[in-house]
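Everything below concerns the one structure shown next.
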Amino acid sequence: MKVLKFGGTSLANAYKFLSVAKIIKKNSKKYKIFVVLSAPSKITNYLISIIKKKIKNKFIDNDIYLIKNFFFNLILKLKYFLNKFNDINVYNLLQYKFIKLKKILYGVGLFKKCSKKIYAKIICLGEKFSVIIMSELLKSYNYNISIINPVKCLVATGNILESEININKSRFLIKKQINNNICKDKKNITLMAGFTAGNINGDTVVLGRNGSDYSAAILASCLKVNCCEIWTDVDGIYTCDPKKINNAILLKNISYKEAIELSYFGAKILHPRTILPLLKFNIPCLIKNTNNSNSNGTTINSNINKKKYYAKGITYLKNIVMFSIYGSNLFNIINILSNIINVILKENISVNLITQSRSENSISFCVPQKEINKTKNLLYNKFNLEFKNKIFNYVKIIKNLSIISLVGSNIKKNINILSLFFSSLSKSKIKIISISQESSRNIISIIVNNYNLTNAVKIIHQNIFFKEKKIELFIIGIGAIGKTLIKQICKQQFFLNNQNINLKIYGIANSKYFLTNKNGINLNNWKLLFNKKKNKFNIINLLKFIKNNNFCYPIIIDCTSSNLISNEYFNFISNNINIVTANKKANTSSLYYYYKIKYATINYNCKFLYETNVGAGLPIIENLKNLLCSGDKIINFSGILSGSLSFIFGKLDKGVSFSKSIKMACKMGFTEPDPREDLSGMDVARKLLILAREIGYTLELKDIKITPIIPNFFKKFNNLKKFMKNIHLLDNGFKKIYNKINKKNKVLRFVGIIKSNGKCLVKIKAINKFNPLYEIKNGENALVIYSKYYNPIPLVVRGYGAGNNVTAAGIFSDLFRIIS
Ligand code: ADP
Ligand code: ASP
Ligand code: MG
């Protein structure tokens, strides 16, 4: 014997009804089958919203039409697929029920009230409809159908809307009905509406949202069947809700206890009361996918591996409120706590979590936010004396919280997992409001703010269930640097995998188009894919894609030089996206925007790294930061920060004329297409500003004093061609200066200087041979830092400060810094 339960997601349309019938038929060949059905998905929600509207005397005809339309369409489609289907019979039965519903709702509107009894009667209608339709569908396949009426057979107690079932009493009634009415031949299938039961007064009651799972478990326990199968829309139970976490792992097997904790602490896949009756009678429960019946699913039984303490899943409950009661001397804290909890439970409010602190003389508990007023009133009314006598001093209420729980057999004994659980949160600076002290060894729960929930769940899941570090990249800008970076990433995949780093690019964009793949773009032929796809790129699409696909730790890499992108950095960070940039625009924009981004990274706990802004791949920014962190003080700085100007001025040492050295630099691709951009000194000024700000000077770009290389009178040669034609006019002047300084054993260099008073200069300077910049030529960069620690010998960083490979490598090193 088997009980098969089909949830709303398995009955959402005609095709799904037919799939369910197919599964029932297949199973009935081997077993005697009992089927429990939910309402088609969303129907219960519609019914609830109709009641709410009717109480407020709002117009509901459209809503009723919506439900009717759904079912009548369903009937039509089933008739279309299955000629033998008795649509007229179903249609008449449903019409009759709708007339009755309208009458009841008329009463609700009249009194502007809906008693719990009427409420329960209305909201379980969807389940009744499912049984009527499935019954007729199976009859058209020549099955004999019996129907168990749950109002008569499932004996319920407690809250009418969240009832509990008495198994012993129900077993008696179910067996009686089976013996009396249900024909025993093999071609008989028995159906029962889920979610529904009856109390001793004969009233219809319901079992709480998702209650059909519980109905199935009760029926399975009453009949002591071999297996209770819950058919739904996912392959089984995963390490986390697979619709929220895209790399959640399917669990083959979990214990009854683990399933209880998972469902009690929020896993919607099972109603929290489902497992207990199955555990009592040791009936295995199988979770299966109606859309993929070949998958093995998850088995829930008593098997646990006692030696291994490992995590099974992460669950969460959103919209929770925490009450903390403070007293001057809550010495008998346990008794007081149990009194409070009993009072609340008696009112059918579920208490989600309890904590206590002897040192603070406080006790805290959580309830669903919708119960806030009821709980408040209960506390002040029932514990009036405690407040009067100052046993309770005051109550603190924190709203908009979520509980995140990690479940696994004996999980509390696994120090490694516990430390991973907490360290992942502290690393991501997610504030833990409270930690539960549940007595169960199988669960550890924390409370966080609602707005941290998604991120926290993703991070914990990634850290607990995946040893590998995940890097999720989105590259904007596919010029030379962007392309080189992609090439380097592609080449390094094997090395990265060996380091347990899972680095994937999920989006590649240029200013117009956007290539995405939620499973990671194939980097071997990304150019082809990019040219084929051509989805329009804009920031809204990018953010939507990142949000919709629940990325854990997304990083945007800006390989553009566009301020359209750098102006969006605040937007990115406030969406919890990290940034690595080669683009200098943000760091050289107004101080206001500069600090806005810096503070945003702290508030939103995101990283913003820009090592390649100065000296390409040379380790400058990070070193500077480390020095300052360690208490060092920068006294002054000088550096050659431009590869092209390093080349040009280096050539002068060898007697090459100024104009010739410019032409050589252009030819060898050291300069921008228009060398005047390099010669203006603006690029050096930008880099110097970034360094000065890093050191702590609050400067704007206009505060950097540039002494131009090209004299003012040259402005008349206002186009590139004229400029290049006349550049030789400067050769003599340069030669004169050069000869003069050469006598003193000096060379000319174009340098950026930060003085000890914070003044920043960009200019040509005569450098003597004791200065580390004396040697710097051929495109090399060098930075000379005199500090409290590095004195009288300065810290010198030198090497190539431009080029696609070194810049892309610099971006790569920022990526590693983010994950380490
Ligand atoms: P049904 O209509 O079949 O009762 P539900 O929507 O009530 O379906 O429950 C199935 C849903 O539970 C899944 O679609 C999934 O989004 C959600 N879910 C939450 N936690 C888990 C989990 N740990 N494993 C699998 N599914 C989960
Ligand atoms: N139809 C009910 C609900 O939506 C019960 C169920 O689906 O299990 O909550
Ligand atoms: Mg459900």
Side-chain angles (χ1 to χ4, degrees), residues 4-13 16 19-20 23 36-49 67 119-120 122-131 150 161-163 192-197 205-219 229-254 258-274 285-292 295 297-298 300 311-318 404-408 457 460-461 464-465 550:
L4 309 180
K5 177 258 168 178
F6 295 92
T9 52
S10 304
L11 299 163
N13 54 45
K16 298 215 169 172
S19 306
V20 168
I23 294 167
V36 174
L37 297 176
S38 289
S41 103
K42 296 205 185 103
I43 295 297
T44 316
N45 290 354
Y46 285 140
L47 290 166
I48 291 172
S49 95
I67 302 185
Y119 192 94
I122 297 175
I123 68 169
C124 68
L125 261 183
E127 273 70 12
K128 278 192 182 151
F129 292 175
S130 291
V131 168
L161 301 180
E162 302 252 0
S163 291
M192 183 178 92
F195 185 45
T196 321
V205 302
V206 286
L207 308 177
R209 296 308 306 267
N210 262 321
S212 304
D213 302 326
Y214 181 36
S215 307
I218 293 291
L219 187 60
E229 292 184 2
I230 309 275
W231 288 77
T232 182
D233 65 340
V234 288
D235 276 356
I237 298 184
Y238 286 76
T239 46
C240 199
D241 185 345
K243 289 192 185 140
K244 291 270 176 319
I245 300 288
N246 50 17
N247 59 353
I249 304 160
L250 181 66
L251 299 164
K252 272 190 191 155
N253 181 270
I254 65 171
E258 288 164 337
I260 290 172
E261 312 271 22
L262 279 173
S263 59
Y264 187 75
F265 281 89
K268 185 184 159 215
I269 183 100
L270 283 175
H271 181 284
R273 290 208 181 108
T274 310
C285 180
L286 193 59
I287 314 290
K288 296 267 292 175
N289 190 350
T290 309
N291 310 320
N292 181 19
S295 151
T298 301
I300 306 168
K312 278 292 171 67
I314 293 164
T315 56
Y316 51 86
L317 289 163
K318 211 178 164 180
I404 301 177
S405 306
L406 179 67
V407 175
V457 169
I460 299 170
H461 187 267
I464 302 266
F465 294 103
N550 292 315

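We count residues from 1, following the sequence as given. Since the model is a prediction, treat every value here as computed from it, not as a measurement. Computed from heavy atoms alone, side chains included, the values below leave out hydrogens, waters and symmetry copies. When a ligand or atom number is given, it counts from 1 through the structure's own listing order.
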- Item | Non-hydrogen atoms of K16 and T9 that approach each other most closely | CD-O, 3.2 Å
- Note on the structure: For G236 and I287 the tightest heavy-atom approach is CA-CG2, 3.8 Å
- Proximal atoms of ligand 2 relative to G211 (non-hydrogen, under 4.0 Å): 5 (C), 6 (C), 8 (O)
- Query: Counting distance only, does the side-chain N/O of E127 pair as donor-acceptor with the main-chain N or O of A39 below 3.5 Å?
  - Reply: yes
- So is there a nitrogen or oxygen of K5 less than 3.5 Å from a nitrogen or oxygen in ligand 2? no
- So do K128 and T196 actually touch side chain to side chain, heavy atoms under 4.5 Å? no
- Task: With heavy atoms only and a cut-off of under 4.0 Å, state how H271 meets ligand 2: side chain, backbone, both or neither.
- Result: neither
- Query: About how many Å separate CG of D213 and CD1 of I230, when rounded to the nearest 0.5 Å?
  - Reply: 4.5 Å
- Query: When you measure from the side chain of T315 to the backbone N and O of F265, does any donor-acceptor pair fall under 3.5 Å?
  - Reply: yes
- Item | Closest approach of L317 to G266 (non-hydrogen atoms, all atoms of both residues) | CD2-CA, 3.6 Å
- Derivation and outcome, side chain to side chain contact (heavy atoms under 4.5 Å, CB included), residues I254 and L262: CA-CA 10 Å; I254 65 171; L262 279 173; 3.9 Å; yes
N/O contact list for ligand 1, threshold under 3.5 Å:
{"residue": "ligand 1", "atom": "2 (O)", "partner": "G8", "partner atom": "N", "Å": "2.9"}
{"residue": "ligand 1", "atom": "2 (O)", "partner": "T9", "partner atom": "N", "Å": "2.9"}
{"residue": "ligand 1", "atom": "2 (O)", "partner": "T9", "partner atom": "OG1", "Å": "3.2"}
{"residue": "ligand 1", "atom": "3 (O)", "partner": "T9", "partner atom": "OG1", "Å": "2.9"}
{"residue": "ligand 1", "atom": "3 (O)", "partner": "T232", "partner atom": "OG1", "Å": "2.7"}
{"residue": "ligand 1", "atom": "4 (O)", "partner": "K5", "partner atom": "NZ", "Å": "3.3"}
{"residue": "ligand 1", "atom": "6 (O)", "partner": "K268", "partner atom": "NZ", "Å": "3.0"}
{"residue": "ligand 1", "atom": "7 (O)", "partner": "N210", "partner atom": "OD1", "Å": "2.8"}
{"residue": "ligand 1", "atom": "8 (O)", "partner": "T232", "partner atom": "OG1", "Å": "3.3"}
{"residue": "ligand 1", "atom": "12 (O)", "partner": "I269", "partner atom": "N", "Å": "3.4"}
{"residue": "ligand 1", "atom": "14 (O)", "partner": "D233", "partner atom": "OD1", "Å": "2.8"}
{"residue": "ligand 1", "atom": "14 (O)", "partner": "D233", "partner atom": "OD2", "Å": "3.4"}
{"residue": "ligand 1", "atom": "14 (O)", "partner": "K243", "partner atom": "NZ", "Å": "2.6"}
{"residue": "ligand 1", "atom": "16 (O)", "partner": "D241", "partner atom": "OD1", "Å": "2.7"}
{"residue": "ligand 1", "atom": "16 (O)", "partner": "D241", "partner atom": "OD2", "Å": "3.4"}
{"residue": "ligand 1", "atom": "23 (N)", "partner": "Y238", "partner atom": "O", "Å": "3.0"}
{"residue": "ligand 1", "atom": "24 (N)", "partner": "Y238", "partner atom": "N", "Å": "2.9"}

- Of all heavy-atom pairs linking Y316 and K244, the shortest is OH-CG, 3.0 Å
- Query: Just checking, is any N or O donor in the side chain of R273 or N210 under 3.5 Å from an acceptor N or O on the other one?
  - Reply: no
- Task: Return the residue, atom name and 0.1 Å-rounded distance of the protein heavy atom closest to atom 4 (O) of ligand 2.
- Result: R209 NH2, 2.9 Å
- Task: Look at the side chain of S10 and the backbone N and O of W231, then say whether any donor-acceptor pair between them is shorter than 3.5 Å.
- Result: yes
- Query: Which residue holds the protein heavy atom closest to atom 7 (O) of ligand 2, what is that atom called, and what is the gap in Å?
  - Reply: S38 OG, 3.4 Å
- Protein N/O/S count near the Mg ion (ligand 3) (criterion: distance under 2.8 Å): 1
- For the pair T274 (side chain) and A217 (backbone), establish whether a donor and an acceptor sit closer than 3.5 Å, ignoring hydrogens and angles. no
- Item | For atom 5 (C) of ligand 2, closest protein heavy-atom neighbour | E127 OE2, 3.4 Å
- Message: Given 3.5 Å as the limit, does a donor-acceptor pair link the side chain of T239 with the main chain of A248, or not?
- Response: no
- Message: If I apply the N/O under 3.5 Å rule, does S212 come out as touching ligand 2?
- Response: yes
